Amino acid sequence: MNAILETTNLTKTYQSGASELTVLDAVNISIPPGSTAAIIGPSGSGKTTLLGLCAGLDRASSGIVRLDGMDITDLDEGQRAKLRRESIGFIFQDFQLMPNLTAIENVVIPAELQGKKGSETSARAAQLLKRVGLGSRMKHYPKQLSGGEQQRVAIARAFIHEPKILFADEPTGNLDEESSKLIEEMLFEINKELDTTLVIVTHDNELAKKTQHIIQLKGGKLISG
Amino acid sequence: MAYRDSRAAKLKLALFSASIIFGVAALVVIGSLRYNLNDSVKSQSKSLLGADLQLSARKEFSKEANDLTAQIGGDQAKEISFSTMMTVGENPQPRLVSIRAIEPGFPFYGTVATTPADAWQSVHSNAKGGVLVEESFLLSMQSKIGDMVKIGKLELPIIGTLDQAPPSSSGFAGMNPTVVTSFDTIRGSELLSSKSLSFHSTYFKLPALTADMQISDEFQAAFDAERLRSVTATQRSERIEKTINNLYLFLNLIGFSSLFLGGIGIAGAIHIHISERLTSVATLRCLGCTSAKAFAIYFIQGVFMGALGTLLGLISGCGLIAVAAYFAQSLPGVIPFDITIEPVFTEIVKAAGIGFIISVCFALLPLLKLRKISPLAALRNEGAELESGQKSGFRDPLRWLIILTLAATAFLLAWLDNRELGRGLATARGYVSFLAVTFGLLLSCGLFLRWVLKLCVRPSWPITIRQGFSALYRPNNQTSIFMLSIGLGVFFLFTLIFTQNVLLQWLSPDRLADTPNIFMVDIPPEDTSKARETIQKAGSTPLADAPIIQLRLTSIKGKSVDEIFREQAEQKKQFNNTNKKEEGQIPKWVLRRSFRSTFRSELSDTEELVSGEWIGTYDASTATPSLLIPISMEAEIAANLGVNVGDTLTMEIEGFGEEINLKIASLRKVDWRSMNLNFFIVLPQGAVDDYVAFNILTAHSASPETRAELQQAMFAKWPSVSVIDLSLILKTVQSVLDAAGKAIQAMALFTIITGSIVLISTLLSGRKIRTKEIVLLRTLGASQGQIARILAIEYTLLASIATIAGTGLAAIATALLSSFLFENEAYTFPWSQLLIGASSVIVITVTLGMLLSRGIANTPPMHALKAG
C-alpha cells in the first residue's frame, strides 16, 4: 500500500552562531492512509519540527517529504498554503481559535479559505459541532467556552474540509483528565468515520498506544517507527 | 526589574514615548515665541508708536484741541492721513493710496529707513516737496525714483522708497499702498479741503521722566470733551501684547490637544504592553511579589517613557525655535520690529512639567489594572483577566484622582498663561470643554460607525471581508485610539482647510457678480448724476448712491456726551478700586465716532425693521423748532448706546456747526455682510437734505479692464474722488488669510505628527495580536493574497471610520460657519477637497498599516505550533 506520508532522510538544521544545530537528523518515516500514528519523544527531540515539516509549515534543510504521493519539499509558500487548505487539518495544544469569531464561524474558516461558503458549509459546521457536543453553543465566543470545549471546536474545524491527513500537536496537553479522555475519543471516532489519517505529537504514552504506529524520536534521530 | 523587563521592548517603549514629543515641543515653541514677541514689544513700545502719546481725530483739531496739545507740551509732530487716487509717471491708471503727510521730527523713537538713505530728510527739505512710496508699489506701477505722481491737482516727484515706514497705529495700514510726504506739502495744497475723510494726529515726545499713562489719565477728560482718541506707547504695546496673547491661547490649544493626544497614545501603548506582560506579572505574584511592587515595575517604565518623551520634546522644541530664529533673520521686515527668537527657560520648565505630568497620568490609567491582577492569572486566560479589571475601573477612586489631576493640569496651564484666576479658569474651562467635546464626539462617531458596520456584515460575505470587519472588535483592538489619532488630526486639518476655503469663497470677487464692487467716495452732491453718466460711459453699471450727513453725538436722552464721559470716568475709577467689571458703560468709540448717516424714504433690501415705526419722509417746512426728527437706528448700536424707540438724541451736523434733535422712531437689523450701503442712522427724506457733506456711489464693474477705465474716467473729472475697488481689498484680505492659514496649519502639523506617531505605535503594539491571527490563518491554508486582503480591509475600515468621523466633524463646523456667512446665498461646499483629503488620509493610513504589517504576512506558520 502507498504511504500517504513519507519522509526520506529528512533533516533540519539551524545556524546557531558559528555552529550548526541539527534538530532533525535524516528521519525516514512512512504512514499508510487512514491509519493513526503518534510521534513521541522527550522535549527537544524534534517532534514538533517533524510535524511542521510533514505538514508543510516549514522547509527542510535536506531530505524529502512526500504527502499523498506529492513531493512537497520544493513547493513555494503559495503551493504549500493550497496543500494545507485542501488536504491537511490541524489541532493545536492551545486550541488557536479566533477570539473575535463565534464557535461556528471558527469552524467554517478552512472551508471558506477554499472559497466554499453558503448553507451547505454552515450546515456541515453545525453538524460537526453537534457531533462534538456543542450544538447548543454554536454562537458562543471562545472566551465563553472552557478549554475542553474550545478544543472540541478546534476538532470540528479540523474536519470541516475533510482533510486527507490531520496533524494534532499535543491535543490534550492543556486539558484535564476528563476532558482529555473525551477529546481523545472524539478524535479517534471522527477520524475513523471520515477515514482520515491522524498524526499526533504527544508526550502521553497512553495516548500513543492507542495509535497504530508509534514514531519515537530522541535527539532528532528516529529511534523506532 | 523594571529595566530588565523593558529590555526586550526597549525600542517599542521608546516609540511610545515619542507620542508626546511634538506636544511638548509645541508648548515650548508657542510659549517661547509669545515671550519673545511680548518682550520685544515691551522693550520697543515707544518705537512701535514712534512717540510717547498720539492724539487723533477724524477732523482737523479745533482751537480747544490745539490749546490742549500746547498744554501737554513736549516735542510734537502732526500727521494728516487719508485715502485718495494717485497716478504715477506716464501711467494713466490711478491707484487708491493711503497718503501720510507728516511733520519732520517724527518718529521720535525708532527710525524710518529709505532708499536713498537721506530720502526721508529730502521729503521735508525739498522745495518742490516730494513723496516716498513702497518699493513693491513702484514696481507694480512700472515706475522709478524721479517720476512724478499726481494727487488731485498736486504733482510731486518720487524722492525714494520706504524700506521701513514711519510707525502707524492704524489697524488698516497695508490695505492700500502707503505714500509718505511732508505735512506742509499737503497743508499748502487745496487737496485737503476737498477730502471729507481725513485723519488728523499729533504725536508727542514727552519730557524725560514723564510717564505717558500719567499724562493720558490727567488729560483724559479733556480728550473726551474734544473727542480726541488718545494712544500712549504703553497702551499700544499692551494692545499688541493682547493680540499676541489671544493668538497664543488659540495656538496653545492646538499644542495642548497634541500633547493630550500623545498622552492617550501612551495610555493605549501601555495597555497593550501590560496585556502582553500579564502572565509575567501573575507569575511574579505567584513567586511572592506584592501587587505594589509589580505595579512599581511598570510605573517606573511609564515614568521613564514620560521623561524620555518630555526630554526629546524639549530638545525638538528648542531646535524648532532655532529654525524659526534662522528664518526670522533671513527674512528681515517680516516682523515690524526687532525680535530675538530664543528658547525661554520658564517656558521650557512649564512644558517639561506639563508634558511629564500628562504622560505619567496617562500611563497610570492602564497601569492601575495591574494592582488587581491575581496570581491565578498565571494559570488562566490572560485576556479575560485584564478585561475584568477594566470593568471595575470606573469605581476605582485612584482612576478618578488621575482624571482630576489631568483636568487640574489643564487648569494650571491656562492659569500660568493668564496669571489671572478668572480669565485662567475661563480659558481652562474652554480647553477642557473643547477636548472633552472633540474627543467625545470622535469616540461617539467611531462607536456609532462600528455599530453600523456590524449591522452591515453578512455571513454570506467572503471570509477575507468578514475577518477584516471582525478585527474592529477583537480584544485589545485599540479602535478608539485609532479614532483619536487619525480623527483628531483630520478634524483639525480639514476644519482649517474647509474654513479657509469657505472664507476665500466668501471673499471671492466672483461672489460680487451682481453686487457693488466699486465704491466712489467724496462725490460732490451736485455732481451725482454726472458721475452716474460717467460710470455708464466707462462700461460699468451705476448702482446705489447715498448722500452722506456726518453726525456727532452731543447728548443722549437729555444728558450731554461730555457729562456721560465724566460719569463713566468716575465709574471707571470706582471699578478699578473695587476690581469690579465695567458694566453698562457706553463704549468710548461710539460716543466719539462720527456717524456717517444718510436719508431716504424706504428701507433697503438688507435691512429689517425690528421695532417701532419706519418714517420715510419729514416736512421741514412745517416743522417747529421743538419738533424732533424721527430716525431709524441700527439695533446693536442702539443697544451700545442704551437707547430704544422713543428715546431722544442731539447730534451735531459736522461741517455745518448746527445741532439737530432726533427721536428714535424705529430700530433696524442690518445685514452688514452685504456689500450694499449700510448705515447706523437713517434719517427721513426732507429733514437734513441741505446738509449733505458728500455722496457715495456704488457701481458694478465686470472686469479688471472696465474697473481700470472707470478709475481713469473718474480721476480725470474728479481727482479727489476715491474709487475703491473692492476686489483689490478682497485680494489683500485673501492674502492675509492665506498667510494666517499657513501659520495655523503649521501648528496643526504638530497634532498631525503626534497623531501619526500614535498611529504607528498603535499599529506596532497591535502587531502581536495580528501576527497570531494571521499565522493561524496561514497554517489553516490562507494564501498570502487572502492575508493581504484581510489586513487591507481592516486598515481601510479603521482609517475610513476615523477619517469619516474627523471629516464629519470638520464638515459640520464648516457648514455652521458657511450657513452664518452665506445665509440663503448659494455656496459650494468643498466636496472635492473633502473627497481628495479623506481619500488621501485613508490611502496613507492603509499604506502605513500594510508597510508596518509587512513581516506579519511572512511569519512562518510554524509559529502557530511553537507558540503553544
Side-chain angles (χ1 to χ4, degrees), chain A residues 47-49 51-53 55-59 77-90 92-102 104-106 108-119 121-122 141-144 147 150 157-158 160-161 163 167 169-170 173-174 201, chain B residues 275 279 379-388 454 457-477 479 769-790 794 857-868:
Chain A
K47 301 187 297 292
T48 303
T49 305
L51 183 118
L53 291 172
L57 297 176
D58 203 359
R59 283 175 182 276
E77 184 43 43
Q79 291 166 317
R80 283 161 188 267
K82 186 170 185 286
L83 179 77
R84 292 196 295 269
R85 200 155 62 220
E86 291 172 354
S87 308
I88 300 171
F90 286 97
F92 305 94
Q93 182 179 354
D94 58 350
F95 329 131
Q96 298 270 18
L97 298 179
M98 291 283 191
N100 49 337
L101 302 182
T102 61
I104 193 160
E105 285 170 345
N106 264 290
V108 295
I109 290 175
E112 289 196 322
L113 287 173
Q114 285 187 46
K116 291 179 192 165
K117 56 182 180 182
S119 54
T121 307
S122 300
Y141 285 91
K143 68 178 178 185
Q144 296 169 309
Q150 287 189 48
R157 181 178 67 185
I160 181 84
H161 58 311
F167 292 98
D169 183 28
E170 302 274 12
N174 277 3
V201 166
Chain B
S275 301
T279 315
L379 312 171
R380 289 166 56 191
N381 184 298
E382 60 185 65
E385 196 60 30
L386 197 61
E387 284 197 19
S388 68
K454 201 171 187 176
V457 180
R458 291 284 169 271
S460 56
W461 289 0
I463 185 171
T464 45
I465 297 178
R466 280 192 292 114
Q467 184 61 27
F469 272 77
S470 67
L472 301 180
Y473 307 97
R474 74 157 72 84
N476 294 327
N477 57 63
T479 311
I769 299 167
R770 273 190 197 88
T771 307
K772 200 175 170 188
E773 282 178 12
I774 296 303
V775 163
L776 176 61
L777 286 169
R778 288 198 65 197
T779 307
L780 296 177
S783 66
Q784 281 185 324
Q786 284 174 315
I787 299 295
R789 278 200 293 281
I790 290 171
E794 180 190 344
N858 299 328
T859 311
M862 266 305 278
H863 279 234
L865 297 177
K866 302 278 187 194

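Remember, it's a predicted structure, so these values are computed and weren't measured experimentally. Reminder, nothing fancy here: chain letters follow the sequence lines and each chain counts from 1.
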Undergrad: Measure A:Arg157 against the heavy atoms of chain B and call it side chain, backbone, both or neither at under 4.5 Å.
TA: side chain
Undergrad: Please report the C-alpha distance between B:Leu777 and B:Gln467 in whole Å, then the side-chain angles of each, then the deciding distance to 0.1 Å, and finally whether the side-chain contact (heavy atoms from CB on, under 4.5 Å) criterion is met.
TA: CA-CA 10 Å; B:Leu777 286 169; B:Gln467 184 61 27; 4.2 Å; yes
Undergrad: Going by side-chain hydrogen bond (donor to acceptor under 3.5 Å, both in side chains), name the residues that satisfy it together with A:Thr102, two or more places apart in sequence or in a different chain.
TA: A:Glu105
Undergrad: Below 4.5 Å, heavy-atom pairs only: which of A:Ile109, A:Thr121, A:Val201, A:Leu83 has the largest tally toward chain B?
TA: A:Ile109
Undergrad: Flag the one option from A:Ala81, A:Ser122, A:Gly56 with the top tally of heavy-atom pairs under 4.5 Å to chain B.
TA: A:Ala81
Undergrad: Pick one: which of B:Leu780, B:Ile774, B:Val775 meets side-chain contact (heavy atoms from CB on, under 4.5 Å) with B:Arg778?
TA: B:Ile774
Undergrad: Output yes when A:Glu77 and A:Arg59 qualify as a salt bridge under the 4.0 Å nitrogen-oxygen rule, no when they do not.
TA: no
Undergrad: Pick one of side chain, backbone, both or neither for A:Glu170, based on which atoms fall under 4.5 Å of a heavy atom in chain B.
TA: neither
